[in-house]
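To start, the structure under review is shown below, and the notes come after it.
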Amino acid sequence: MSRVSTLDWLMHCEGIRVNNVQGAIRRTDLDWVRIGAFLILILYHVGVVYAPGPNAVGSFSPRPLPWLVVPMTLVNPWRLLVLFVVSGAATRFMSDKMSPRALLRSRSARLLIPFIFGVWVVVPPQCFVQAVERCGYSDDYLQFWQGYLVADQHLCTNGPHFVVPTPNHLWFVGYLWVLTALLALMLAIAPHLLVKLQRWIDLALAGRGLFIWPACWLALAYAVLQRGFPFWYGFAIYVPAFLFGFLVATSNSVWQRFAGVRWQALAGAAFSYCALIGLALAVLGTPSTWAAKVTSSSFSAAHLVLHTLGSAVYGINQWLWMAVVFGFAYQHLRGRDGPIRRYLTDAIFPFYIIHQTTIEVVAHYLSEERLALGLEATLLICVTVVSCFATYEIARRFRPLRPLFGLKGTDVPGLPLAPLSSVAFTDTH
């Protein structure tokens, strides 16, 4: 491959100015965003254990804290969207160094192997504690795992049905592989289309368009799809976020616009968050009732008011916080490097793979000890953090384990890192 990718060459022919990716200094701001987003995700999943109502984590505390819904709402609208944008940008930097086929091969090794390993080995303990808590499952874990491995759909008979095997939190990894495969296909057969899309985005996001069009799309998707079609809602926001990251990765102008409006975006994000909480309090009542009322099958006039106004506020809130994150990161973290950044950039994927299993299993057994709630939550966070670091330190030192946790098999701990100028951005998950 030439050091100038096909896509960059086409963009040069179209007169679109881009960064010199191959010779560029590493985008450490996006590294830091990725690290921060995953750390927030880990803390968020600890919070979900103690949040009231239906939750995404299998294990849940018998002593819920209704007020946790308020701070969790601060990050819930945008935490995953940020990761999809960063993942799209990382994929762009990788695609500028290799052919579409090589890109797909590389990403398959880094995503599919840990995904498959995670579904069959890492995720089953989550399902086990879920079956114990929600279905009264009484056999031991090994017997449960045997049923899981053969896709026995009768493991949970006395409670809410769940399908096994399941990716649980690793759905994000599977999503990234599918998006990368589709993007590689587009790079192979229609690179001109991506060039035209990048030109259109550069024009659309000029001036006030940086705020208006993304927020409108997110609000519309929430209003139309979120309640009745949650899968398609995710598709409608995560796919554009990934593609957005891919297309603007090498655009100086878009990132500079984010930095230029960061303070205005912060003020708007804070206001929209307060408006979102105010609407929920006015329409749904106290936080302890939010989850039950939102998931209720009835759709009263109050629900209609919340959904209509809330959709607009929610979409605006999502995009403004993303603008805050990328604006401040570009302004203050670009070029900020050091051993902590390098360590965490490599470690964060193993952290992600193991964190939810640790949270669910430890939360399940800690709840039986009836400790003081503050002590219990502190222990849960500490054990989760220790398990993340331990998993990474063990996996990085044993070559057979490295691909199972998304680490490059050719890396050997202790060897000096490649010069930053030789790598535009690490691949992300």
- Query: Relative to the ring of Phe84, is the ring of Phe172 parallel (under 30°), tilted (30 to 60°) or perpendicular (over 60°)?
  - Reply: perpendicular
Side-chain polar contacts of residues 260-275 - donor-acceptor pairs under 3.5 angstrom, sequence neighbours left out - could you list them?
from	atom 1	to	atom 2	distance (Å)
Arg262	NH1	Ala259	O	2.6
Ser272	OG	Gly268	O	3.1
Ser272	OG	Ala269	O	3.0
Ser272	OG	Asn317	ND2	2.9
Tyr273	OH	Val70	O	2.7

- Message: Check the orientation of Phe38 and Tyr352. Use parallel for under 30°, tilted for 30 to 60°, and perpendicular for over 60°.
- Response: tilted
- Query: Once the angle between the rings of His332 and Phe328 is folded into 0 to 90°, is it parallel (under 30°), tilted (30 to 60°) or perpendicular (over 60°)?
  - Reply: parallel
- Between the side chains of Arg341 and Thr345, does any donor sit under 3.5 Å from an acceptor? yes
- Checking ring pair (Phe, Tyr, Trp, His ring centres under 6.0 Å) against Tyr238, which of Trp232, Trp171, Phe244, Tyr233 comes through? Trp171
- Message: Do Arg334 and Trp32 form a cation-pi contact, if we require the NZ or CZ to be under 6.0 Å from the six-membered ring centre and within 45 degrees of the ring's axis?
- Response: no
- Query: Out of Trp255, Trp78, Trp319, which one pairs with Phe326 under the ring pair (Phe, Tyr, Trp, His ring centres under 6.0 Å) rule?
  - Reply: Trp255
- Arg79 and Gln318: side chain donor to acceptor below 3.5 Å: no
- Query: Do Gln126 and Gln130 meet the criterion of a side-chain donor-acceptor pair at a distance under 3.5 Å?
  - Reply: no
- Could you tell me whether the side chain of Ser95 and the main chain of Arg92 form a donor-acceptor pair under 3.5 Å? yes
- Identify the heavy atoms of Asp202 and Ser253 that sit nearest to each other, and give their distance. OD1-OG, 3.6 Å
- Query: Checking Thr28 side chain against Gly335 main chain: does a donor-acceptor pair fall under 3.5 Å?
  - Reply: yes
- Task: Evaluate the ring planes of Tyr392 and Tyr343, with Trp represented by its six-membered ring, and classify them as parallel (under 30°), tilted (30 to 60°) or perpendicular (over 60°).
- Result: perpendicular
- Query: In terms of side-chain geometry, is the basic nitrogen of Arg342 or Asp346 positioned less than 4.0 Å from the acidic oxygen of its partner?
  - Reply: no
- Message: Would you say that more than 12 heavy atoms from the other residues, nucleotides or ligands in this model lie under 6.0 Å from the CG of Leu193, or not?
- Response: yes
- Task: Look at atom CH2 of Trp120 and say whether more than 12 heavy atoms of other residues, nucleotides or ligands are closer to it than 6.0 Å.
- Result: yes
- Message: Can you confirm if the NZ or CZ of Arg27 lies within 45° of the ring axis of Phe93 and under 6.0 Å from the centre of its six-membered ring?
- Response: no
